[in-house]
*Asks:* 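Okay, here's the structure, questions in a sec.
Just so you know, these numbers come straight off a predicted model, no measurement behind them.
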Amino acid sequence: FYFDDSGRDFCLNAMKIKIGRRVKMRPCRDGFRKQMWFWDDFNQLRLRQHPNFCLVRSQRTITLGKCDDDGSTVKTRFLYDKSRGFVYVKKRKRVLYLGVEPNDKYGPVRMFLERQNDTYDKWIFF
């Protein structure tokens with residue numbers, strides 16, 4: 001994730017491995033377990049070293065929550081458009097995009113409407 005002119009990569013960072021804790025952006029650190037995520041078969045974004053923890057959405061707030069292992073009660077299904085750099089959630093009448101407040105790059109990650117700020121289209125996953 002690039003969103004400033006420092007040349008540094010920024011990553012999703014689980015600040016504390018605890019349900020209900022917010023996720024923030026921090027400079028990437030190679031192999032740092034709180035910054036390693038993967039998508040499962042149900043479009044949940046799971047923390048690799050703690051795969052029972054997923055990103056979940058409540059309104060526009062993003063926190064850590066318990067993952068659903070059989071797909072029956074998935075709280076948030078995140079989708080990724082690699083060509084456009086979007087991580088998003090489809091709602092009935094609109095689409096919400098993962099981003100951060102442009103003036104608070106260390107602040108909490110949250111959901112935005114498209115074009116609400118310029119951080120929603122910069123996601124890269126390896």
*Asks:* Do Y80 and M36 sit in the same hydrophobic cluster, where Ile, Leu, Val, Met, Phe, Trp and Tyr count as joined when their side-chain heavy atoms come under 4.5 Å apart?
*Replies:*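 No; tracing contacts between hydrophobic side chains, which count when under 4.5 Å, never links both residues.
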
*Asks:* If you look only at pairs with a residue in residues 12-21, which of them pass as a salt bridge (Lys or Arg N to Asp or Glu O under 4.0 Å), with sequence neighbours excluded?
*Replies:*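 Every candidate salt bridge (Lys or Arg N to Asp or Glu O under 4.0 Å) pair involving residues 12-21 fails, so no pair, neighbours aside, qualifies.
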
*Asks:* Taking all non-hydrogen atoms of both residues into account, name the closest pair between P108 and V100 and its distance.
*Replies:*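 Nearest heavy atoms, P108 then V100: O-CG1, 4.1 Å.
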
*Asks:* In residues 24-32, what donor-acceptor pairs under 3.5 Å come from side-chain atoms, sequence neighbours left out?
*Replies:*
from	atom 1	to	atom 2	distance (Å)
R26	NH1	Y106	O	2.8

*Asks:* What residues, two or more places apart in sequence or in another chain, satisfy side chain to side chain contact (heavy atoms under 4.5 Å, CB included) together with K91?
*Replies:*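 Checked K91 against side chain to side chain contact (heavy atoms under 4.5 Å, CB included); matches are R57, V89, R94, L96.
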
*Asks:* Transitively linked via ILVMFWY side-chain contacts under 4.5 Å: V74 with I19?
*Replies:*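 Each belongs to a different hydrophobic cluster.
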
*Asks:* Assign the ring pair Y97 / F86 to parallel, tilted or perpendicular, where the plane angle (0 to 90°) is split at 30° and 60°.
*Replies:*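 Ring orientation, 0 to 90° scale: perpendicular.
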
*Asks:* Please find the pair of heavy atoms, one from W37 and one from Q35, that lie closest to each other, and give the distance.
*Replies:*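 Taking W37 first and Q35 second, the nearest heavy atoms are CD1-O, 3.3 Å.
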
*Asks:* Which pairs with one or both residues in residues 72-109 pass disulfide (SG to SG under 2.5 Å), sequence neighbours excluded?
*Replies:*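 Every candidate disulfide (SG to SG under 2.5 Å) pair involving residues 72-109 fails, so no pair, neighbours aside, qualifies.
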
*Asks:* Minimum heavy-atom separation for F78 and L98, please, with both atom names.
*Replies:*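 Nearest pair, atom of F78 first, then L98: CE2-CD1, 4.5 Å.
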
*Asks:* Rounded to the nearest 0.5 Å, how far apart are NZ of K34 and SG of C11?
*Replies:*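 One gets 14.0 Å once the value is rounded to the nearest 0.5 Å.
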
*Asks:* Compile the donor-acceptor pairs under 3.5 Å between side chains in residues 41-56 and protein atoms, sequence neighbours left out, one pair per line.
*Replies:*
from	atom 1	to	atom 2	distance (Å)
Q44	OE1	D68	N	2.9
Q44	NE2	D40	OD2	2.5
Q44	NE2	D68	O	2.8
R46	NE	D40	OD2	2.7
R46	NH1	P51	O	2.5
R46	NH1	D69	OD1	3.4
R46	NH2	D40	OD2	3.2
R46	NH2	D68	O	3.3
R46	NH2	D69	OD1	3.0
H50	NE2	R33	NH1	3.0

*Asks:* Identify the residue among I62, T76, V95 that makes a side-chain contact (heavy atoms from CB on, under 4.5 Å) with M111.
*Replies:*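 Single pass found, and it is I62.
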
*Asks:* Applying a strict under-4.5 Å side-chain criterion to I, L, V, M, F, W and Y, I'd like to know whether I17 and F38 cluster together.
*Replies:*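 As far as the 4.5 Å side-chain criterion goes, F38 and I17 are not connected within one cluster.
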
*Asks:* If every non-hydrogen atom of R60 is compared with every non-hydrogen atom of R110, which pair is closest and at what distance?
*Replies:*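 Heavy atoms only, the tightest pair is O-CB, 3.0 Å.
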
*Asks:* Got a sec, which residues hit side chain to side chain contact (heavy atoms under 4.5 Å, CB included) with S58, two or more places apart in sequence or on another chain?
*Replies:*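 Per chain and number, S58 pairs via side chain to side chain contact (heavy atoms under 4.5 Å, CB included) with no residue.
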
